[in-house]
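Note that these values count all heavy atoms, side chains included, but never hydrogens, waters or copies made by symmetry. Residue numbers start from 1 in every chain, and the chains themselves are labelled A, B, ... in the order their sequence lines are given, proteins ahead of strands. Note that this is a predicted model, so its numbers are computed, not measured.
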Amino acid sequence: MDASGETMSLFKRFREEVLGSIQALQAEGRLPAGVDTARVTVEPPREASHGDMTTNAAMVLASPAGMKPRDLAGLIKIRLEEVGAIREIEIAGPGFINMRLDGSVWHEELAEILRTGTAYGDSDGGKGEVVNVEFVSANPTGPLHVGHGRGAVVGDALASLLAKAGYKVSREYYVNDAGAQVEKLAYAAYWRYLEALGDDVAPDVIDGFLHDTDLEYRGDYLVPVGERLAREHGTDLVGQAVDDWLPAVRAVVVDAMMDLVREDLSALGVEFDCFTSERQLVDDGKVDDALAFLEERGLVYTGVLDPPKGKVPEDWESRPQTLFRATEFGDDVDRPLKKSDGSWTYFSPDIAYHRDKFERGFKLMINVWGADHGGYVKRMQAAVKAMTDGEGDLDVKVCRLVNLLDGGKPVKMSKRAGTFVTLSEVIDQVGKDVVRFIMLTRTNDKTLDFDFAKVTEKTRDNPVFYVQYAHARARSVMRHAAEIISPADLTPEALATATLDRLTDSAELDLIRGMANWPRLVETAAEAHEPHRVAYYLNDLAAQFHALWNKGNDDASLRFIREDDLPLSAARLALVQGMATVIASGLKVFGVMPVEEMR
RNA sequence: GCGCCCGUAGCUCAGUUGGAUAGAGCAGCGGACUUCUAAUCCGCAGGUCCCAGGUUCGAAUCCUGGCGGGCGCACCA
């Protein structure tokens, strides 16, 4: 326990021991005071034969101490030998200090896992700092597609991961309800409205409307919106000037589309804390405020941009524009804030939006964007730096494409041909938990193959199945155990008090070592903003468990349930339940339910 | 042309943010089912970590320059 009463993770605890020995050496004058220990790590060695824990302290501090790494390691070793939990210390290679721990350390850690439940791995590393995770933020122009789904899952899992790591997280969705796309959407809704009125509208009115507008968003999903407009407005909007019907139609259609989006998100199990409307920002004058802020700092000017080299647009013409000095903050060129007609580019409200986030208290901001927005990262980061006088920090996770496959063959998709696969269709077909897990099996910046055949397969190379199977197997063991052991003795609390020192087999202790890595993984993955690491961790832990299970197949004395030795059984069941708990803890980050059985 | 991302076993990818002899799965070969679900496991084989320099005790990882692939590039979000 540390001063705050929180339980300190195992590796942190031993890092404290290492730092303590360094301080002792400083007190003795054998090490200069004030050396920076920030780079000192205590972690499991890559090679298990090197021990349970290793520290780089001697190598990192050798140069500032003016000593050879191995000599310094020798001094630290003498100190560490006084720590009871350390059974053996070895200096190896260039100056690693390898430690073997007493078995009791692992037994206690297992008890700790059982007592803590899925909260195991919770950390205070984030120190309660608030962080804003903005994701999806799809234009409200239709149902979500699979690419949005990836962003939704990555953002949601990242938010959960950060929360677990001790950050105070807000999940946010930015509603682009003010741009040209929404206007086009309103036109399409108006067309559906005219259609819905049927005989009340002369056919040539509809033909004329279609003839005058280059209509997008012709999908069926706007039909109900047209009907709703017809119900609410009758024929009132027919024949009116665009400016008269547009605001009303736009409001209704955006509302309907956001309902659609929310429905898709809820099918995926994603919930937001906050929806911010672009239109609201505009109406509140926040865009003007933001630009005024930049102007005060001399970051806005009227200038002429060079055409992009190598690829000059057909209709390129040199003209003066209102520009933001993005180059002062690391961008490649200054960026336009206004279009040639004087209206804002999408960039201006976006700047205002990020300023708004900052003013709401978020210094740390993470945006999850689609692949097509990769080119806007630098300018947005530049804008954040400018708007916050360098205090704000924006990280952008760009999600690469999702390839939909079926048995290795691409699923052909065409909006025109109506064979476009939506997110909700995919969820209907394989279930939300499968979608969520698979979306997290790759780094966000690599394309991801989503193979319908593979993700539902019950084989080793389907990570969803493999991880869930480990959990289900563990739960199956517990069910069997209940036949010979009283259920009261099988609760996690009861198992935590079992004679855990009966766990002596190396594979058993290895499994606890694997479980003890979970808190470290949470911290490093959260720090790196990389939720996919959890998927690999879970896969590894599941593999360890499946291996242990099969040892019981080869050697009956290693089975979890031994009717001839109930205390040993209890200890092993504690191990099994602990493993299931850690799996459940990881799946919780992903928003995936652990299953009790596979059938 | 410029910017961003990627390049690791035949294939798909990890790699604990600079650590020790670079790891998994699939595919290939050889083994383990009177079971707590063998839907799994064990073993073998498989590598110029794209190339060339640099930084240092130490580089797949950081820097520079190339090569190859993807995406983006005023007035769409």
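- Comparing the same atom, C1', in A60(B) and in C6(B) gives a spacing of 14 Å after rounding to whole Å.
- Counting non-hydrogen atoms under 4.0 angstrom, F465(A) reaches a base of the nucleic acid.
- Nucleotide C36(B) holds its P atom 11 Å from the CD1 atom of I484(A), rounded to whole Å.
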Can you build the contact string for nucleotides 12-25 of chain B? Use B for base contact, S for sugar-phosphate-only contact, and - for no protein heavy atom under 4.0 Å. SSSSBB-BB----S

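- Ion pairing between E134(A) and K357(A) holds under the 4.0 Å rule for side-chain N and carboxylate O.
- The existence of a salt bridge linking R335(A) and D331(A) is confirmed by a sub-4.0 Å separation between a basic side-chain nitrogen and an acidic carboxylate oxygen.
- Pairing for G72(B) goes to C2(B), judged as Watson-Crick or G-U wobble with the two contacts each under 3.5 Å.
- Geometrically, R460(A) engages Y466(A) in a cation-pi contact, judged by NZ or CZ lying under 6.0 Å from the ring centre and within 45° of the ring axis.
- Looking only at side-chain heavy atoms (C-beta outward), P531(A) and V589(A) stay at 4.5 Å or farther from each other.
- RNA chain B is contacted by both P69(A) and T345(A); P69(A) maps to the nucleotide lying nearer its 5′ end (nearest heavy atom per residue).
- With respect to D564(A) and R562(A), a salt bridge is recorded, a charged nitrogen being found less than 4.0 Å from a carboxylate O.
- When heavy atoms are screened at a 4.0 angstrom cut-off, R319(A) is found touching base atoms of the nucleic acid.
- D451(A) has its CG atom 13 Å from the C1' atom of C26(B), to the nearest Å.
- The aromatic rings of Y536(A) and H532(A) stand perpendicular to each other, their planes meeting at an angle above 60°, with 30° marking the opposite boundary.
- Taking 4.0 angstrom as the limit, K338(A) places none of its side-chain polar atoms (N or O) nearer than this to OP1 or OP2 of C75(B).
- D332(A) places its CG atom 12 Å from the C1' atom of G72(B), with the value rounded to the nearest Å.
- Annotation: salt bridge (charged side-chain N to carboxylate O under 4.0 Å, His left out) contacts involving residues 515-538 of chain A, sequence neighbours excluded, comprise K12(A)-E523(A), E43(A)-R520(A), E530(A)-R533(A).
- Rounded to whole Å, the P atom of C62(B) lies 11 Å from the corresponding atom of C5(B).
- For the pair L337(A) CG and A74(B) P, the interatomic distance rounds to 15 Å; values are reported in whole Å.
- Contact annotation for E457(A): no contact, since no heavy-atom pair falls under 4.0 Å across all strands.
- G19(B): Watson-Crick or G-U partner is C57(B), with both key distances under 3.5 Å.
- Put simply, the side chain of K454(A) reaches to within 4.5 Å of the side chain of D461(A), judged on heavy atoms.
- The side chain of D445(A) lies closest to C5(B) when the candidates are C5(B), U40(B), C36(B).
- A cation-pi arrangement is not found for R473(A) relative to F545(A), the charged atom failing to lie both closer than 6.0 Å to the ring centre and inside a 45° cone about the ring normal.
- Both Y466(A) and Q321(A) sit near RNA chain B, but only Y466(A) has its closest nucleotide nearer the 5' end.
- Looking at T141(A) and M257(A), their side chains never come closer than 4.5 Å, going by heavy atoms from C-beta outward.
- Of all nucleotides present, none satisfies the Watson-Crick or G-U wobble test against A39(B) with each distance under 3.5 Å.
- Regarding Y346(A), its OH atom lies at a distance of 11 Å from the C1' atom of G72(B), rounded to whole Å.
- The partner of A14(B), taking Watson-Crick or G-U wobble pairs whose two distances both stay under 3.5 Å, does not exist in any strand shown.
- Going from the C1' atom of A24(B) to that of A45(B) covers 16 Å, rounded to whole Å.
- At the phosphate of U40(B), neither OP1 nor OP2 sits under 4.0 Å from any side-chain N or O atom of K458(A).
- Contacts of residues 547-560 of chain A with RNA chain B (heavy atom under 4.0 Å): A547(A), W549(A), N550(A), G552(A), N553(A), D554(A), R559(A), F560(A).
- In this structure, the CD atom of Q181(A) is 13 Å from the P atom of C75(B), given to the nearest Å.
- Nucleotides C73(B) and C51(B) place their P atoms 32 Å apart, quoted to the nearest Å.
- Note: CD (Q544(A)) to P (U40(B)) measures 18 Å, nearest angstrom.
- Atom NE2 of H471(A) and atom P of U40(B) are 18 Å apart (whole Å).
- Comparing the same atom, P, in G19(B) and in C63(B) gives a spacing of 15 Å after rounding to whole Å.
- Nucleotides G25(B) and G46(B), compared at atom C1', are 14 Å apart to the nearest Å.
- With both ends at atom C1', the span from C11(B) to G72(B) equals 29 Å, rounded to whole Å.
- Separating the P atom of G53(B) from that of A59(B) is a span of 14 Å, rounded to the nearest Å.
- Side-chain atoms of Y173(A) come within 3.5 Å of backbone atoms of A138(A) as a donor-acceptor pair (strictly under, hydrogens ignored).
- Summarising the base pairing, A27(B) is matched to no nucleotide, lacking a Watson-Crick or G-U wobble pair whose two defining distances lie under 3.5 Å.
- With hydrogens and angles disregarded, a donor-acceptor distance shorter than 3.5 Å links the side chain of D565(A) to the backbone of L568(A).
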